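Count residues from 1 along the sequence. Any value given below was found using the heavy atoms of this structure, including those in side chains, with hydrogens, waters and symmetry copies removed. Note that the coordinates shown come from a computational prediction; the quantities given were computed from them, not determined experimentally.
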Amino acid sequence: MARALILIGGTIMGSGLLYLQAAQRLGLQPIALSDDPTRYDHFAAKGVESIRVDTDDLDALIRECSRLRTTYDIAGITGAADSFYATAGNLCRHFDLPGPNPEAIEQCLDKYTQRQLLAASGVPIPAYRLAANAAEIKDSAAEIGLPVIVKPAMGHSSVGVRLCRTADEVVEHTTHLLGGKHIWRSSPKILVEEFAQGPYYTAEIMGNEVVAIGTGDFGCPPHFVCREFTFPALVGDDEHERIADVSLSCLRALGLGWGPTNVEFRWTKRGPVVIEVNPRLAGTPFPQLVQLAYGVDLIIEHVKLAIGEEWDLRRRHSHIAAARHLIADRDGTLDWIDGHSQAAAVSGVAEVKFYVEPKTPIVRKGDDRDCMGHVIAASCSLAHTEAILQSAVDLINWSITPFPTTDTMAP
């Protein structure tokens, strides 16, 4: 009977496919369970079995996994995205397989609950308030003091996150979140937070070990669309130790410590302040960057843990790896995008990937969905890696035709 790895749900921009490919490299049969397999980049991947099932229905997933057990020896179950990872934890518990604590995952996904637990343990975080309506949001912003971050208490990929510098901007974003433009899966809960200003850092953790610390460069406020990530972050030993210590404090506060965790920081006047703890492996391009920087394949090692094998987090080398996102510069219809093969041929480029195809409508939302692709490069120095990235990005071009306006459509 063939051994199988089951992936619950998927990711549109890469990590789901990487998990399934890792399973194949470990001699496992990869099986993807999702509500719409065609949405994800692993659909129709060679050797991957894709099955349609309601991923919000735990009983349906249990039935499907039970059916698969008549054909396969299910070695492990995991997920690559937030909501799916908690579901995978519940399935692992049901089938007595290695997995994360689903209750710890669920409480971590609620950013307000996460903030409460971190604060109770003395972890440095921004000042925050929970609000459910426009009046509470306005009062919370006044109490904390402008500028503030206003964002949904449940969500991911920076969706609905905005920096508000004035009271008018708070009102404007409140209207966006509560006026029907933002999709809520439950009753609206909004976090109003102090704007923690300073350089951005991210810690990638497996179990209780900080494997890598990286940094990111974001575009212009009020939104937070990351332009570039670099691993490792070039910080001193003291800064590295403080980030690592706070990261491990987050695990203790939130009941985490099995498998991967991603912690995001801003380095402020107080030192490292925790912006968010993600109770799963960070998505593309983080795993690729860590592997290029240190030779540690976090996805392979996570799969090993999920199937009950020992992992190996030893570093094989020390390079500088960076990823540049290709971000849409206007709304409209993507006419064409090219330069993939030319950029990929640049020495030192590890990966070029486009997320969109010609004729795709482009509607910028001020979050990770604005990214149209990425370029990843690595070398022995930061300056060389940056030069490689720039050379490759310069070879990529696209054309976006603005949507017709009412005036241009008039007879």
Side-chain angles (χ1 to χ4, degrees), residues 2-8 11 14-32 42 73-82 84-93 95-102 104-105 108 202-214 231-232 240 243-245 247-252 254-263 277-319 321 350 378:
R3 300 179 76 213
L5 176 78
I6 294 178
L7 180 81
I8 306 300
T11 53
S15 292
L17 179 59
L18 294 177
Y19 269 95
L20 298 173
Q21 291 172 336
Q24 290 174 325
R25 292 200 299 274
L26 291 171
L28 303 170
Q29 169 61 48
I31 301 173
H42 55 63
D73 171 16
I74 298 178
I77 302 173
T78 191
D82 287 334
F84 302 135
Y85 196 49
T87 301
N90 280 308
L91 288 170
C92 290
R93 177 176 290 175
F95 290 104
D96 196 25
L97 294 168
N101 180 342
I105 303 297
C108 198
T202 175
E204 309 312 310
I205 305 167
M206 288 292 280
N208 292 297
E209 182 173 341
V210 177
V211 179
I213 294 174
F231 279 82
H240 188 284
I243 291 173
D245 286 346
S247 297
L248 297 180
S249 296
C250 291
L251 300 185
R252 292 189 290 271
L254 298 171
L256 302 174
W258 186 97
T261 307
N262 162 255
V263 185
V277 178
N278 300 298
R280 39 93 183 148
L281 189 66
T284 294
F286 284 68
Q288 296 98 311
L289 292 174
V290 174
Q291 185 172 9
L292 288 167
Y294 294 127
V296 179
D297 188 332
L298 293 177
I299 292 180
I300 281 279
E301 302 310 325
H302 182 202
V303 172
K304 285 181 183 177
L305 183 67
I307 63 176
E309 296 184 3
E310 290 188 12
W311 60 22
D312 182 359
L313 302 178
R314 291 176 297 173
R315 296 178 179 180
R316 274 75 174 174
H317 55 247
S318 182
H319 295 158

Open item on the list: What I'd like to find out is whether the side chain of Val210 reaches to under 4.5 Å of the side chain of Glu204, using heavy atoms alone.
Closed with: no
TODO: Report the residue from Asn208, Leu254, Val277 that forms a side-chain contact (heavy atoms from CB on, under 4.5 Å) with Thr261.
DONE: Val277
Task: Exercise: identify the closest heavy-atom pair between His302 and Tyr19 - done: ND1-OH, 2.6 Å
Open item on the list: How close do Arg316 and Gly295 get, counting heavy atoms only, and between which atoms?
Closed with: CD-O, 3.5 Å
Open item on the list: Let me confirm one number: the CD-CZ distance from Gln288 to Phe231, rounded to the nearest 0.5 Å.
Closed with: 11.0 Å
Task: Point-to-point distance, once rounded to the nearest 0.5 Å, from CG of Leu298 to CD of Gln291 - done: 8.5 Å
Open item on the list: Could you measure the distance from the CZ atom of Arg280 to the CZ atom of Phe84? Nearest 0.5 Å is fine.
Closed with: 12.0 Å
- [ ] Say whether, by atom type as modelled, one donor and one acceptor occur between the side chain of His317 and the main chain of Leu292 under 3.5 angstrom.
- [x] yes
Open item on the list: Rounded to the nearest 0.5 Å, what separates atom CD1 in Ile307 from atom CG in Leu97?
Closed with: 11.0 Å
TODO: Could you tell me which non-hydrogen atom of Gly79 sits nearest to which non-hydrogen atom of Tyr85, and how far apart they are?
DONE: O-CD1, 3.4 Å
Task: Nearest heavy atoms of Ile205 and Val263, plus distance in Å - done: CD1-CG2, 3.9 Å
Task: Euclidean distance, Phe286 CZ relative to Asn278 CG, rounded to 0.5 Å - done: 9.0 Å
TODO: Give me the one residue out of Ile74, Val303, Leu26 that meets side-chain contact (heavy atoms from CB on, under 4.5 Å) with Leu5.
DONE: Val303
Open item on the list: So which atom in Ala203 and which in Ser247 form the shortest heavy-atom distance, rounded to 0.1 Å?
Closed with: CB-OG, 3.4 Å
Open item on the list: Rounded to the nearest 0.5 Å, what separates atom CD1 in Ile300 from atom CG in Leu305?
Closed with: 13.0 Å
Open item on the list: For Pro98 versus Trp258, what's the shortest heavy-atom pair and its separation?
Closed with: C-CZ2, 3.7 Å
Open item on the list: I'd like to know whether Gln21 forms a side-chain contact (heavy atoms from CB on, under 4.5 Å) with Leu18, so could you lay out the CA-CA distance, the side-chain angles of the two residues, the decisive distance to 0.1 Å, and finally the verdict.
Closed with: CA-CA 5 Å; Gln21 291 172 336; Leu18 294 177; 3.7 Å; yes
- [ ] List the steps, then state whether side-chain contact (heavy atoms from CB on, under 4.5 Å) holds for Cys108 with Leu256.
- [x] CA-CA 9 Å; Cys108 198; Leu256 302 174; 4.2 Å; yes
Task: Residues Arg315, Val211; criterion side-chain contact (heavy atoms from CB on, under 4.5 Å); working and verdict - done: CA-CA 9 Å; Arg315 296 178 179 180; Val211 179; 5.5 Å; no
Task: Note, Ser15 side chain near Thr284 side chain (heavy atom, < 4.5 Å) - done: yes
